[in-house]
Structure formats: structure tokens, C-alpha cells
There are 2 protein chains.
Amino acid sequence: MSPDTPETAPERRRGSGVKLVYESLRDEILNLVLAPGSPIDEVQLAERFGMSRTPIREALVRLAGEGLVETLPNRSSMVSNIDFLNLHTFFDAITLMYRVTTRLAALNHQPADLQAIRAHQAAFAAAVAAQDALAMIATNRDFHAAIAEAGRNPYYTALSLRLLDEGRRLLRLYYQSFDDRLPQEYADEHAAIIAAIAARDVYESDRLARAHADQIVQQIQRFFARDRRQDLPL
Amino acid sequence: MSPDTPETAPERRRGSGVKLVYESLRDEILNLVLAPGSPIDEVQLAERFGMSRTPIREALVRLAGEGLVETLPNRSSMVSNIDFLNLHTFFDAITLMYRVTTRLAALNHQPADLQAIRAHQAAFAAAVAAQDALAMIATNRDFHAAIAEAGRNPYYTALSLRLLDEGRRLLRLYYQSFDDRLPQEYADEHAAIIAAIAARDVYESDRLARAHADQIVQQIQRFFARDRRQDLPL
DNA sequence: TGCGCATTTCCTGTCGACAAGTAAAATGCA
DNA sequence: TGCATTTTACTTGTCGACAGGAAATGCGCA
């Protein structure tokens, strides 16, 4: 990092500063570029983005509203920690949202929705083929986000987006550690889900979404439950 | 309103300003003191609360994050409109959250949770007896919020709180227009829900929560669908 | 009188500065 | 040396001010 080199030229459109900071920090948090628990210094960010603390602060308030940043009074904010002890609540919620949004997508989707969903699935498949973990994570998120959008319930969409983003951090941990060939299975499951949505088969959409969620949850749970002790000869 | 009389003395603890503004505006929005769609002037609020625009702005950003305020670039923010055309998405979501959180409460509640739930139910019954519509709305919200808390899934709790608060505005419209004796039924249903949770009967909790939600939804839908034309002799 | 354009006014977005509060460093004492 | 206390440094919370944009106003012209 070079602290004295601002990322952008000082030429900014009025109102774009907050957006830039918000999106940059958000991406860095979700991609684990900023480690959970690491402190966030407003002055430092102001220097880095070449703007005053005011827009930085607004971006941080918004991120805090989404739970990505935790702020202690009169003290440094920090990147939210991942609550490993309560991961089951996350798994429970994302499974329910997968099911509900996929069902609604089967009911309410329109041609443009299917087109978008298929595009994201193609991007996911490409990322799998290219072994690009970061792209897999991002496109997987976009795929399910597009399904949620097609369901046309903004409350479900908002919660799904929050869960999918939180999931990006978990998947990042997962893929950082070891790669196996599992993603191809995900791609196949995605294709089946698309078919069920396109056929407007609510029951099958629900069943596949649940199986897909269970698959991912079990995979991640196994990963986090692994025994990482090294078998040292003593 | 007297614009030149600040609501509080200038003595404030550092950091309390944002909280005060946030909670005040939030209450006024949810109780329809501030009409949906009405503009929000930062300077005016700054004068009213006797502070600068900075903490006002932060409170507005937080409210915007919860969807209670909409902000247009370079233009006045405004109180979020109620989207009557998509009320069904609200009903769908709150019904699901009633069911899920009540089920989880039956599974996960601890003694202190039951105590809190019963206390809110007592307050609701008192409000019904006193014919205090505003108190009914607030205590009804608190009752279901306590159930969500007892379920111990922060994702569900957060969505439930958002839906319950949005529901406060709808109920306010409802009770503003006419009072009938229905709330006593709600109190009875609440009592049955408490019994099911205490008995850890997941199936019955789900059934009662769904029936309770259906009851309220149908009531409100009938209200908003009423024919308000006056039968004038022409 | 009605319409298009320039001007003005008003509100927001951003800035730099100051004060309060906290954590760490420095100091004094046993 | 170890601990309690004061001092210092640093970070946030708040403030007043200025500049950019959009709506409202006023003007000129057909």
C-alpha cells in the first residue's frame, strides 16, 4: 500500500464520493481483503480516497447498517467479525431464503428474468472452468440474487442479498484453503433449478433449492469442523 | 410547532445526538406523525433539535438504510411512501416471519424469554382494555418482536422487526379510520400462541402463528379494499 | 397571453477545524 | 521491579462555512 498516492484523481462528480467509498470497502470486506475484526481509521481512508472524512463517515454508517462494519462509540470502527458460534442461524436462514425465493421465481418470473438468471449461470460455469475462485463466489452470489429478484418480493430479496453477501466471506475462507472439483456439481444443480423455474414447477423448485442449500451447508460445515491438528510424532 | 424553540437543552452527551434524532424521527414516521411522502429538510431539523446538520444527516442515512426514508441525489429526502400496490409482498413476508419465528421460539426459548413475551402480551391486553390505539400498535409489535428474539436467529429477527415496523404504519391507518372490537380476538390468539411456545409445541406454534397472520392480513386487506365512494343522491 | 430561457434561491454534498473522549505512554512511588 | 496515576497522543463526534445542482422565479419574445 502507498498511503500517499490517492486512488483517484480529485475530479469527482458531486455525490459520487460516498458511493465509491461504500462500494470499495464493501468489496474489500466481502473478499476478505479487509480481515474481520481489523480496525478502520477514518483519517486513513480519507487520505487514501483523497476526500474529507464526511463522505467516508457516511459510507461507514451505511456499511454498519448492513452489519458489515461494527462501530464502538468514540472508538475505531472495525470490520464485522464472522460469528462462527452461530453459523447455524446463518445456514438456517439462507436455506429458507433459497427455498422461498426459488419458489417465488417459479411463480412470478418473466422472460427477462430467465435471461438474466441464465447469464449469471453461464458466468458461474465459466468461472468454474477457469478455476477462478473469486469469480465463482461472485457469480454464484449473482445467480441466486437474480432468482430472488425474479421472485419479486423486495423483503425476501433484501434478506437474501444480505445472506448471500455474508456467505461470500465464508466461501472465501473455504476456497482459500483447498480446491476440489465440487463446483461442477453446483453448476449442474443450478441448471436443474433454472429448468424447474422455467417450467413454473413450484414443488420441484422448492425441492431443488433445498437440496442445493443442504449441499452447500454440509460442505461448509464439514470444512469448518475439520480436525486441523497436525499429527506430530512426539 | 414552534420552530424557534429547541426540543432539548443544548446539554448533550457526545454521541447522543444521532440517537435522539434517529429515534424521534423513527417514531414520528412509524406513528404517521410525518406523512409518507413528506419532504425532510435537514436545516429545519437541525434547528428543531438544536444541533448541526452533521448528526441529523447521519440519522437520515441510517433511516434510509432501513427503508423508512428515501433520498434523492441533490434533493430533499422524504418519508418513504407506503407501496399499496405491492402490499401482498408485505403480507407474504410477515406471514412467513410470524411462522418461522414462532416455531423457533417454541424450540429455543428460555425462561426469561417467556417472561418478556408475557409482559408484552399483558401490556397489549391493557392497551386493548384502555382503547388506546397507539399503545395497541406499539405493544403488538413488541409482543411479536419478543417472540422473534426468543427464536434466537438474528437474521429472522432483523427482518421481522423491519416488517413489524412497516406494519405499524399500516395499522395506524387502519385504527385511525374505525375502531371495532376485534383486538380482543388478537389478545386471545396471543395467549394461545404463548401456550404453544411454552409447551414447546412446534407444530401448534406454526399453526397458530399462520392463523394469526392470516387473520390480520385479511382484516387489513378488507379495510383497504373497502368501497369508499359515498352514495350521493344525484 | 403563453412559452422558452436566464437568473435567483434554496438545499444538499463536501470541506477543514475544533473539542471530547479513549487508549497508550510516561511518570512517580513503594 | 511492579503498580497506580498523570500526561500525552490519537481518533472520533460535532460544528460552521462554502460550493454545486435543481427547482422556482422572473424576464423577454412571439
Side-chain angles (χ1 to χ4, degrees), chain A residues 1 3-4 6-26 29 34-35 37-65 68-81, chain B residues 1 3-4 6-26 29 34-35 37-65 68-81:
Chain A
M1 249 185 290
D4 29 340
E7 277 196 353
T8 60
E11 313 259 348
R12 276 181 295 108
R13 280 192 305 281
R14 179 187 175 87
S16 69
V18 178
K19 199 181 164 194
L20 173 67
V21 177
Y22 169 79
E23 290 173 355
S24 301
L25 287 181
R26 180 188 167 78
I29 292 173
L34 294 176
S38 58
I40 299 178
D41 187 311
E42 295 178 3
V43 177
Q44 194 174 322
L45 288 176
E47 287 172 2
R48 169 181 155 193
F49 286 100
M51 59 185 73
S52 95
R53 278 176 49 221
T54 308
I56 305 282
R57 203 148 220 287
E58 180 172 332
L60 289 179
V61 170
R62 282 170 57 179
L63 289 168
L68 295 179
V69 162
E70 288 172 21
T71 157
L72 309 172
N74 288 320
R75 231 155 325 151
S76 247
S77 311
M78 63 179 208
V79 179
S80 288
N81 279 304
Chain B
M1 257 186 285
D4 31 340
E7 279 196 352
T8 60
E11 313 258 349
R12 273 181 298 108
R13 279 192 306 281
R14 179 184 173 88
S16 69
V18 178
K19 200 181 164 196
L20 173 67
V21 177
Y22 169 78
E23 290 174 354
S24 301
L25 287 182
R26 180 187 165 78
I29 292 173
L34 294 176
S38 57
I40 299 178
D41 186 313
E42 296 178 3
V43 178
Q44 194 175 321
L45 287 176
E47 289 172 2
R48 170 181 153 191
F49 286 100
M51 60 185 73
S52 97
R53 276 176 51 223
T54 308
I56 305 283
R57 206 148 217 288
E58 180 171 332
L60 290 179
V61 170
R62 285 170 55 179
L63 289 168
L68 295 178
V69 162
E70 288 172 21
T71 156
L72 310 172
N74 288 320
R75 232 155 323 150
S76 245
S77 311
M78 63 180 210
V79 179
S80 287
N81 280 303

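The separation between A:Leu45 atom CG and D:dT11 atom C1' is 13 Å, rounded to whole Å. Atom CD of B:Glu47 is separated from atom P of C:dC10 by 13 Å (rounded to the nearest Å). Atom CZ in A:Phe49 sits about 14 Å away from atom P in C:dT14, given to the nearest Å. Distance CE (B:Met51) to C1' (D:dG16): 15 Å, rounded to an integer number of Å. Taking atom CZ of residue B:Arg13 and atom P of nucleotide C:dT22, one finds them 12 Å apart after rounding to whole Å. Whole-Å rounding puts the B:Lys19 NZ to D:dT14 C1' distance at 18 Å. For the pair A:Gln44 CD and D:dT12 P, the computed distance is 10 Å after rounding to whole Å. Atom P of nucleotide C:dT14 and atom CD of B:Glu42 are separated by 11 Å, given to the nearest angstrom.
Comparing B:Arg14 and A:Val18 along DNA chain C, the residue whose closest nucleotide (by nearest heavy atom) sits nearer the 5' end is A:Val18. Between A:Asn74 and A:Glu58, it is A:Glu58 whose nearest contact on DNA chain C lies nearer the 5' terminus. Residues A:Pro73 and B:Pro73 both approach DNA chain D. Their nearest nucleotides, taken by heavy-atom distance, put A:Pro73 toward the 5′ side.
Exactly one residue among A:Asp41, A:Val69, A:Leu72 makes a side chain to side chain contact (heavy atoms under 4.5 Å, CB included) with A:Ser77. That residue is A:Val69.
The shortest distance between the side-chain N/O atoms of A:Thr54 and the OP1/OP2 oxygens of C:dT14 is not below 4.0 Å. Taking only side-chain nitrogens and oxygens, A:Ser76 comes nearer than 4.0 Å to OP1 or OP2 of D:dT12. Between B:Arg75 and the phosphate of D:dA23, there is a side-chain N or O to OP1/OP2 separation shorter than 4.0 Å. At the phosphate of D:dC15, neither OP1 nor OP2 sits under 4.0 Å from any side-chain N or O atom of B:Arg53.
Between A:Pro55 and A:Ser52 the shortest heavy-atom distance is CD-O, 3.3 Å. The two residues A:Ile29 and A:Leu68 come nearest to each other via the heavy atoms CD1-O, 3.9 Å. Taking every heavy atom of both residues into account, A:Arg53 and A:Val43 meet most closely at CD-CG2, 3.9 Å.
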(request) Let me see the working for B:Thr71 and B:Leu60 under side chain to side chain contact (heavy atoms under 4.5 Å, CB included), right down to the final yes or no. (result) CA-CA 9 Å; B:Thr71 156; B:Leu60 290 179; over 6 Å; no
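Residue contacts shown for A:Val43 include a base, since a base heavy atom lies under 4.0 Å away. Nucleic acid contact class of A:Ile56 (heavy atoms, under 4.0 Å, all strands): none.
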